[in-house]
Amino acid sequence: MDYNTKHTPHTWPKHPETASMEGKNKVTGFWLFLGGETVLFATLFATYLALKDRGPSGMKFSTHELFELPLAFIMTMLLLTSSLTSVYAMYHMKNFNFKAMQAWISVTVLLGLGFLGLEIYEFVEYVHKGFGFRQSAFGSSFFTLVGTHGVHVIIGLVWFILLMLRNAKRGLNLYNAPKYYLAALYWHFIDVVWVFIFTVVYLMGVM
Amino acid sequence: MMKGLKKWRVLALVTVLSVLLSACGEKDLSALSPAGQVGKDQHNLLLLSTGIMTLVIIVVVIIYVLAIMKFRRKKIGEDVIPKQVEGSMTLEVIWTVIPIILLLVLAVPTVYLTYKFADTKAMEVKKADNVVTVNVTAKLYWWEFEYPNQKIVTSQELVVPTGQKVYFKLKAGDVKHSFWVPSIGGKMDTNVDNVNKFYLEFDQESKDLKDGVFYGKCAELCGPSHALMDFKVKSVSQTEFDSWVKNMQATAKRTTSGSLEQQGEDIFKQSCISCHATSGSGTGTGIAPNLATFGDRNRIAGVLDHDEENLKNWIKNPQKYKPGNTMPKPEKINKGKEFTDEELSALSAYLMSLKIEN
Amino acid sequence: MSSLATEKKGFGAMIWEYLTTVDHKKIAHLYLVAGTMFFVIGGIEAMLIRIQLAKPDNDFLSAGLYNEIMTMHGTTMIFLAAMPLLFAFMNAVVPLQIGARDVAFPFLNSLGFWLFLLGGIFLNLSWFMGGAPDAGWTSYASLSLLSPGHGIDFYALGLQISGAGTLISGINFLVTIINMRAPGMTYMRMPLFTWTTFVASALILFAFPPLTIGLFFMIFDRMFESNFFVHTMGGNTIIWEHLFWIFGHPEVYILVLPAFGLFSEIFATFCRKRLFGYSSMVFATILIGFLGFMVWAHHMFTTGLGPTANAIFSVATMAIAVPTGMKIFNWLMTMWGGSIRITTPMLYALGFIPSFVAGGVTGIMQASAPLDYQLHDSYFIVAHFHYVIVGGVVLALFASAHYYWPIMFNQMLNETLGKITFWFFFIGFHLTFFFQHFLGLMGMPRRIFTFLPNQGLDFFNLLSTIGAFMMAIGVTLLVINVIITAIKGEKAGQDPWGDGRTLEWAVPVPTPFYNFKQTPLVRGLDPYWIEKMEGNKEGMVYAEPLSDIHMPNNSILPFIISLGLFISAFGAMYHQETTWGLYVLIGGIGLSVLAMIIRSLKDDHGYHIHKEDLMDDKGGNV
Amino acid sequence: MSEETTLTPRTEKEFEYDRKRAARGMRKQVAAFAMMILFTFVAFAAVQAGFPANFIGPVILLLAGVQVALQFYFFMHWDEKGSGTAQFFMYSAILVAFTMVLTFVTIIWWGE
Ligand code: HEA
Ligand code: HEA
Ligand code: CUA
Ligand SMILES: [Cu+2]
């Protein structure tokens, strides 16, 4: 079977992401990778929980005065919504509707960029106040946890953008369908991690 | 041939046994000759577990040897295709249940002793005059022992009364170390982040031992001189301990006699006192070993033989004997100059005179 | 490459072939060579240790140098010798055992190797660039933060790179085993080596992320001024201990499970008998893997976690004796009633049983927390883990070297020399490590560069050193054996042991680069044995007609990605004291990312071998 | 790497059926999304309202858990068959993750 076969909605398989052996392997492998990522983030969470509010004697920062819920709420909404829009993209991918898929991914990317902007704003704000990566164990663990998530967001965005550009001309085929699928999975996973970040870091930090 | 083999076996057995019997080590260092209740409990646990483990090994080896002897291809024929057995439920159950039982036999005393050894409540009681508590601070590469109830402090040589529980609060001043007196009981780490607590018991006075002390070790890699971070334990009777405490408290008002010693004291006051205290009363500084009882020590800096020659060498170049330790060379503390032989003699005479025993 | 002709290639072409290969069999060669190199380095370090400790107050090595050698010995042996050597056999055998054409991600397979190799080289460059790491292979945080120079930086960065490679390989094996099994090869028909590879890979998947994070913390603390372990800034060194052991304990099962698998194959083959209790063996493997994650704090009994934590972790640890015991007894019962042929691999397998049991039971003794207060950080521990590692893993590696040599190189190692090697190594091994139990009990801490005379420690230390020399003779003989065999160049042919049971013996040797012309149909456990017993002349039953085979293209990109990270590690290390450091850091990462982008933008569909070419292809790709 | 599934075009009927199913599936997704938004809202509101911490702590963790389950089962297609392997490994990962977090909140700063 040739990857470059032109498909029509009718020849397009129900599960294009796993229709080829490569695709199947990729999906399985990616899930395993996400398993590893889960443990990786668990490590960061565990460390954050052990080190939060800890610093040199006299440190004036604590979660209570630092975090602001409205900002976290907006960020959460952006990311959650982007998760849904990427579901829409995958819906159209399965229906072999390339244009709609690209469009929904664009929306996802825009939402993601919004999230990223706010996160950067937040970080800059903290550093301005004197709460940075190097000033306390609390700072180190906070920026590493939330920052690692941020890096994942960046990677996810770059991935989406590259896919869109790369395939803009050639459309969907069985070679790139798994790639889209995985990028979407990755994006959902980023959202999953964020759910715990806003709960454990922000909400439990101020309550 | 057969006979020769047998003789060889007997010989091997005898060698092994004699090696094993000699394998108890030195009384002042070995966990195999425990001299305190904690160590004895642990030794009993060692014997129990070794017993179980030996049993396991014997069973395995018997089956193993029989199988090899009976089922060699040479013996049963080249072309035999053995029956392809799938397995056996009964056997499976047997070798699941029996190990579980054996493990339970070991697990019960394990859990019991874990809690027993962790029981340091007595230390927290207010007004605990009769409780001996020692605050241990481990530093690169020396030990400070502070007795908060007695308000005294010493270094390198721990002195404890026999016949009662001695409680320890352990912490590290720079990097992690671990406090271990093998013949008295198991170890406890000294962390930089928190204070660990445990207790030991000393049933035997140390004066009958080869060097009159039990040997203690640092058991956690802590840098180049980790191997040289030994300390000593003197266990003495309660009355001796009480008088030792009194003498220690009195070192604050001690005066030096003898002119050489006097001269040494002057140099010491100039170059060394900023780090080393010579009074054993009060609290520890954590900067350098307290030298109040230096003359009574068994070793210099934990490892060198205790004589003037070594002492001078040590002062001349501490790094040579314990790489990475934090005591400066004379040039750094004596206005950029080395000590003259004369000054060294004076210093060592002075230091050797710092005694409270007679 | 795309032609089937076995052209003779020049040396340069061969290097290029290996640099770019994505063939699991060639990657197996790479792992074997690199792993052996690191094993010899680690072994020489071990010899230096033993020479220094041969007598009290020895000054053969200085204190600081000893710590570097000791640290590098442990690190090299675990990360750069034992694991890669196991990967060599996994790569060589597992795809064949499950009837696959290759692993699931050939490209990643190659990437995993190059990351491991360049990470390992980076770590070892520390010797020439200002000093090796010196805080033990465990690199506890308080000491490793204080350690001057760049030694610990080499440790953290080197392990980070090679760890990434390991993680990638782990995922690769998992997917291969999940998705690429030949028709009929159900999970419960998989050979045990495949099973243990599977579980060990799952352990890698979950155990390496904590190490990755721990190493990042260490890198950040040492090179980027963060405070994870700096207690004056609110940090906590115990976090490192936990992270290290959450990784470190599963790691020991990552090592020993594949070894168990290898021995299972060897026992079945040379007892000419189906592995006794196959399903309980599988179950035990999974159980060990599972329990392996719940017991890490048994390395921290003396850290002071409190009696409740100690008690829980004690009992949980002891539980591992049960599934391991199941395995031991199943092997014994495989022998029982079998037809035991004592070849060199079998000799190693026979040596393994008592040695490993002896090492395992001392593990249970250490699992008893109150007893471990005495044993911890003493030579008893050193004895324990060399008994399980050398008596388990290294014996398995040597056994499999003999056992699988024909598959990997189409030659047989010399049997007589093999047996002599075994006896030297085996006796030397027991001589070295048996007496260390007593040294520990007699009060000798580990990681000491010297000991005082008159403390009763002299004699056993001497014995131990003598034993180590016997081991060195053994290893040297093995190397000689390899050389002699290569020079002689006799071909082994297919299934040279005569009693092969699993699919790897059903392919012609030298194995064609596409492995199976037609995918075999698996009709039960030990498929090749089944066909043999039924007198199948053709060797196997096939699941498909002869048809085109799809193959992946070679690629240099894995090497370039790894090289980029290798370069960036230097930048990270020197960015604080030099002006160029930061640029090198960014440039290196840039190179890797660039290579990755090329990889993802350039569609690489591989190529096809056509049916007609296959039809008249007899041999393989020597 | 040989066997790629050969694709037979779907019949018109199959095609229509699949389309409808997919659309139905999409409605499920939107419903799941609505729940997620709701949970998030409740969690933020509960904290903002300032209920006692040891009461809302567990509640918002639970909400987070459910929300994540929704992501996995709907957005990431665990409701489809063939996701067994993914689920097995994710659950294993969650188990490891849970153990780790548990230890880190209990025995890192013991005895303080
Ligand atoms: C391949 C590597 C390997 C393997 C397989 C094991 C296997 C085991 N290990 Fe070991 N271990 C190490 C490598 C390994 N270990 C290393 C490298 C260290 C030191 C790290 C460092 O500090 O540098 C270490 C340290 C170590 C410690 C910490 C000691 C300390 O530092 O204080 C402990 C404590 O519990 C321990 C326990 C065990 C146990 C219970 C097993 C069990 O899995 C063993 C199970 C096997 C058996 C028990 C034998 C067969 C069973 C039967 C025949 C059934 C009947 C048996 C009974 C009823 C007992 N190990
Ligand atoms: C896979 C793991 C592995 C293996 C195989 C070994 C193998 C050996 N180990 Fe090691 N060891 C560790 C893992 C391993 N070790 C670890 C993790 C530590 C802890 C480190 C730490 O505390 O941080 C340790 C620590 C350790 C110590 C304790 C150091 C200390 O605490 O101070 C000692 C001491 O005896 C020792 C000895 C040996 C010996 C003699 C061998 C022998 O079996 C080695 C045999 C191999 C050879 C002898 C090779 C010989 C080759 C040649 C001579 C060249 C010939 C070549 C040609 C002809 C080309 N090891
Ligand atoms: Cu202090 Cu080792
Ligand atoms: Cu362990």
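FYI, side chains are in, hydrogens and waters are out, and symmetry mates aren't considered; it's all heavy atoms of this structure. Per chain, numbering begins at 1; letters A, B, ... match sequence-line order. Just so you know, these numbers come straight off a predicted model, no measurement behind them.
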Straight-line distance of C/Ile320 CD1 to B/Leu103 CG, nearest 0.5 Å = 11.0 Å

request  = Looking only at non-hydrogen atoms, find the nearest pair between B/Pro99 and C/Val322 and report the distance.
outcome  = CB-CG2, 4.5 Å

query = Which atoms form the tightest heavy-atom contact between B/Phe71 and C/Gly338, and what is the distance?
reply = CB-O, 3.4 Å

inquiry  = Can you confirm whether more than 12 heavy atoms, excluding those of C/Met188, are under 6.0 Å from its CE atom?
reply    = yes

inquiry  = Among C/Asp499, C/Leu452, C/Leu145, C/Leu350, which residue has the highest count of heavy-atom pairs closer than 4.5 Å to chain B?
reply    = C/Leu350

key: Options C/Phe276, C/Tyr66, C/Phe270, C/Trp529, ranked by heavy-atom pairs under 4.5 Å with chain B, top entry   = C/Phe276

ask   = Are more than 12 heavy atoms from other residues, nucleotides or ligands located less than 6.0 Å from atom OH of B/Tyr115?
value = yes

message = Return the CD to CD1 distance between B/Gln84 and C/Ile530, rounded to the nearest 0.5 Å.
response = 9.5 Å

message = Donor-acceptor check, side chain of B/Asp193 to backbone of C/Thr237, threshold 3.5 angstrom: yes or no?
response = yes

query = Among C/Gly443, C/Ser339, C/Ala63, C/Ser142, who wins on heavy-atom pairs under 4.5 Å with chain B?
reply = C/Ser339

inquiry  = Quick one about B/Asp189 and C/Thr302 (side-chain donor to acceptor, distance below 3.5 Å, no hydrogens or angles considered), yes or no?
reply    = yes

Best-contacting candidate, C/Ile342, C/Leu525, C/Leu375, against chain B by heavy atom pairs under 4.5 angstrom = C/Ile342

key: Over all atoms of both residues, closest heavy-atom pair of B/Gln42 and C/Pro370   = NE2-O, 3.1 Å

message = For chain C, which candidate among B/Leu221, B/Leu228, B/Leu102, B/Thr50 shows the most heavy-atom pairs at distances under 4.5 Å?
response = B/Leu221

inquiry  = Taking B/Thr114's backbone N and O only, do any of them form a donor-acceptor pair with C/Asn310's side chain (distance below 3.5 Å, no angle check)?
reply    = no

query = So how far is it from C/Gln374 CD to B/Ser30 OG, rounded to the nearest 0.5 Å?
reply = 8.5 Å

task = Would you indicate whether the side-chain heavy atoms of C/Met365 and B/Ile52 approach each other to under 4.5 Å?
result = no

key: Under 4.5 Å from a heavy atom of chain C, the part of B/Val56 involved   = side chain

query = Which one, C/Ser378, C/Ala268, C/Ser280, C/Ser314, leads in non-hydrogen pairs under 4.5 Å with chain B?
reply = C/Ser280

Heavy-atom closest pair, residues C/Ser368 and B/Thr110 = OG-OG1, 2.8 Å

inquiry  = Testing the basics here: between C/Leu371 and B/Leu46, what is the closest heavy-atom pair and its distance to 0.1 Å?
reply    = CD1-CB, 3.8 Å

key: C/Tyr140 side chain to B/Val175 backbone, donor-acceptor under 3.5 Å   = no

query = Side chain of C/Asn67, backbone of B/Gly223: donor and acceptor closer than 3.5 Å?
reply = yes

task = Report the C-alpha separation of B/Leu29 and C/Met442 in whole Å, then their side-chain angles, then the decisive distance to 0.1 Å, and conclude whether the side chain to side chain contact (heavy atoms under 4.5 Å, CB included) test is met.
result = CA-CA 6 Å; B/Leu29 180 62; C/Met442 284 152 56; over 6 Å; no

Toward chain B, the part of C/Met318 with a non-hydrogen atom under 4.5 Å = both

request  = Side chain from CB out, backbone as N, CA, C, O: work out which of these in B/Lys83 comes under 4.5 Å of a heavy atom of chain C, or both, or neither.
outcome  = backbone

inquiry  = Between B/Glu220 and chain C, with a heavy-atom cut-off of 4.5 Å, which part of the residue counts as in contact: side chain, backbone, both or neither?
reply    = both

task = Please report the C-alpha distance between C/Arg274 and B/Val85 in whole Å, then the side-chain angles of each, then the deciding distance to 0.1 Å, and finally whether the side chain to side chain contact (heavy atoms under 4.5 Å, CB included) criterion is met.
result = CA-CA 7 Å; C/Arg274 187 193 146 107; B/Val85 197; over 6 Å; no

request  = Side chain from CB out, backbone as N, CA, C, O: work out which of these in C/Met70 comes under 4.5 Å of a heavy atom of chain B, or both, or neither.
outcome  = side chain

Structural part of C/Tyr278 lying under 4.5 Å from a heavy atom of chain B = backbone

query = Taking all atoms of both residues into account, what is the closest heavy-atom pair of B/Glu26 and C/Gly456, and its distance?
reply = CG-N, 3.7 Å

query = What do you reckon, is CD of B/Glu86 surrounded by more than 12 foreign heavy atoms closer than 6.0 Å?
reply = no

inquiry  = Can you confirm whether more than 12 heavy atoms, excluding those of C/Lys532, are under 6.0 Å from its NZ atom?
reply    = yes

query = Relative to each other, are the rings of C/Tyr373 and B/Phe117 parallel, tilted or perpendicular (30° and 60° limits)?
reply = tilted

message = Heavy-atom cut-off 4.5 Å, strictly under: side chain, backbone, both or neither for C/Met533 against chain B?
response = side chain

message = At a heavy-atom distance under 4.5 Å, which candidate from B/Lys116, B/Met229, B/Met188 has the highest pair count against chain C?
response = B/Met188

ask   = Relative to chain B, which segment of C/Ser144 carries a heavy atom at a distance below 4.5 Å: side chain, backbone, both, or neither?
value = neither

key: NZ (B/Lys27) with more than 12 external heavy atoms under 6.0 Å   = no

query = Taking B/Asn44, B/Ile63, B/Asp119, B/Val59 one by one, which has the highest count of heavy-atom pairs under 4.5 Å against chain C?
reply = B/Ile63

message = Between B/Tyr215 and chain C, with a heavy-atom cut-off of 4.5 Å, which part of the residue counts as in contact: side chain, backbone, both or neither?
response = side chain

Ion pair B/Asp79/C/Arg272, N-O distance below 4.0 Å = no

message = Heavy-atom cut-off 4.5 Å, strictly under: side chain, backbone, both or neither for C/Glu241 against chain B?
response = side chain

request  = Counting only heavy atoms closer than 4.5 Å, note whether B/Ser88 contacts chain C via side chain, backbone, both or neither.
outcome  = both

ask   = Is the shortest heavy-atom distance from the side chain of C/Met326 to the side chain of B/Thr96 under 4.5 Å?
value = yes

query = Which one, C/Val357, C/Leu441, C/Leu146, leads in non-hydrogen pairs under 4.5 Å with chain B?
reply = C/Leu441

inquiry  = Show, in sequence, the C-alpha distance, side-chain angles and deciding distance for B/Lys176 and C/Leu143, and conclude whether the side chain to side chain contact (heavy atoms under 4.5 Å, CB included) test is met.
reply    = CA-CA 7 Å; B/Lys176 183 174 171 124; C/Leu143 180 60; over 6 Å; no

query = Side-chain contact, heavy-atom cut-off 4.5 Å: C/Ile328 with B/Trp95?
reply = no

Heavy atoms of other groups near B/Lys70 NZ, more than 12 under 6.0 Å = no

ask   = In terms of heavy-atom pairs under 4.5 Å with chain C, which of B/Pro323, B/Ala118, B/Gly185, B/Ser225 leads?
value = B/Gly185

request  = Under 4.5 Å heavy-atom distance to chain C, tell me which part of B/Thr54 shows up: side chain, backbone, both or neither.
outcome  = neither

request  = Without swapping roles, check the side chain of B/Lys210 against the backbone of C/Asn454 for a donor-acceptor pair under 3.5 Å.
outcome  = yes

key: Leading residue by heavy atom contact count with chain C [cutoff under 4.5 Å; candidates B/Ile81, B/Leu104, B/Val303]   = B/Ile81

Any donor-acceptor N/O pair, B/Lys187 side chain to C/His376 backbone, under 3.5 Å = yes

query = Taking every heavy-atom pair that is under 4.5 Å apart, which of B/Val111, B/Ile98, B/Ile76 has the most such pairs with chain C?
reply = B/Ile76

